[in-house]
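Atom set for the values below is all heavy atoms of this structure, side chains included, hydrogens, waters and symmetry mates excluded. All ligand and atom numbering here is 1-based and tracks the order in the structure. No experiment lies behind these values; they were computed from the predicted model shown.
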Amino acid sequence: MTDWNPALYLAHAGPRLRPALDLLNRIDAAAPADVCDLGCGTGTATRLLAARWPQARIVGIDSSPAMLAQAAAESPPGDRLTWRQADLSSWSPPPASADVVFSNAALHWLDDHATLLPRLMAALRPGGVLAVQMPDNFAAPSHQALFALARDARWADRLVPLLREAPVARPAEYRRLLAPLAADLDIWTTEYLHLLDGPDPVLTWTGSTILRPLLDRLDPAEAKDLAAAYGAALRAAYPADADGRTPFPFRRLFLVAVAA
Ligand SMILES: C[S@@+](CC[C@H](N)C(=O)[O-])C[C@H]1O[C@@H](n2cnc3c(N)ncnc32)[C@H](O)[C@@H]1O
């Protein structure tokens with residue numbers, strides 16, 4: 001697996017931050033002692049957690065060395081804020097060790113939410129909060145166009161096994177999983193109308209996320225062809241408005257569960 005590209009990911013830092021703020025604002029926790037940020041990436045949301053709870057010990061966990069290096073460059077680890085490299089598919093937090101487990105735009109990269117989410121709930125002390133936001137845009141043209149191109153006979157054998165076409169379940173499924181473990185549970189979806197700037201802005205957006213692993217599996221000429229075809233499909237699906245900005249509707253699923 002190749003690494004993430006922090007600079008490309010941060011190209012749309014503003015719109016990417018908004019859902020993290022909306023998730024953080026929904027958490028009702030006055031003075032948590034131990035907070036984890038799962039899939040912390042470059043630490044943008046982790047720093048918001050640190051600012052909101054100045055007394056808390058906060059650990060940002062991510063599998064990407066490049067994202068963690070960027071996080072540590074901006075916020076060197078100290079007594080209160082630490083960064084840890086781990087793969088969340090195998091990493092288990094100690095039971096009843098956290099007051100807040102936060103994850104913004106990361107858990108859709110992990111499979112088997114039916115096992116993962118109860119495991120994360122078990123990490124909470126009673127009254128602790130699991131707060132998760134995941135993209136829920138897999139049926140949108142931004143994603144469907146790429147899934148269709150990946151099925152091209154030139155590379156389908158390599159790309160189709162990498163596709164994550166429906167990694168996020170319906171809200172009712174998360175309720176079924178979490179309600180037995182939660183004293184309080186709130187699940188909702190929001191469709192943002194992100195306004196993106198610059199040339200090929202949707203390609204820049206998805207280029208750092210869903211496109212990246214596919215390009216990495218192709219040789220350079222094939223990667224160029226796939227990116228060109230995908231860019232053309234995105235320009236047709238998401239034209240710029242008269243003011244030069246490109247509206248990009250993007251639905252996201254949120255869940256906030258308070259441990260019983
Ligand atoms: C879209 S970024 C979100 C980063 C950050 N939470 C934010 O809001 O800016 C997704 C992050 O999830 C991390 N990630 C994906 N799969 C992971 C896994 N299995 N274990 C740990 N981190 C993972 C990636 O390395 C990446 O930094």
Examine ligand 1 and decide if any of its atoms is less than 4.0 Å from a heavy atom belonging to [X].
{"X": "Ala20", "answer": "no"}
{"X": "Met67", "answer": "yes"}
{"X": "Ser103", "answer": "no"}
{"X": "Asp62", "answer": "yes"}

By side-chain contact (heavy atoms from CB on, under 4.5 Å) - contacts of Pro65 (at least two apart): Asp3, Gln85

Under-4.0 Å salt bridge between Arg84 and Asp62: no

Would you check the N or O atoms of [X], main chain and side chain alike, for any that come under 3.5 Å of an N or O of ligand 1?
{"X": "Leu88", "answer": "yes"}
{"X": "Thr42", "answer": "no"}
{"X": "Thr44", "answer": "no"}

Atom pair CE/CG of Met121 and Leu185 - distance to nearest 0.5 Å: 7.5 Å

Counterpart residues, salt bridge (charged side-chain N to carboxylate O under 4.0 Å, His left out), relative to Arg175 (two or more places apart): none

Asp22 side chain to Tyr192 side chain, donor-acceptor N/O pair below 3.5 angstrom: yes

Sub-4.0 Å atoms of ligand 1 with respect to non-hydrogen atoms of Gly41: 4 (C), 27 (O)

Ring geometry between Trp205 and Phe248 (parallel below 30°, tilted from 30 to 60°, perpendicular above 60°): perpendicular

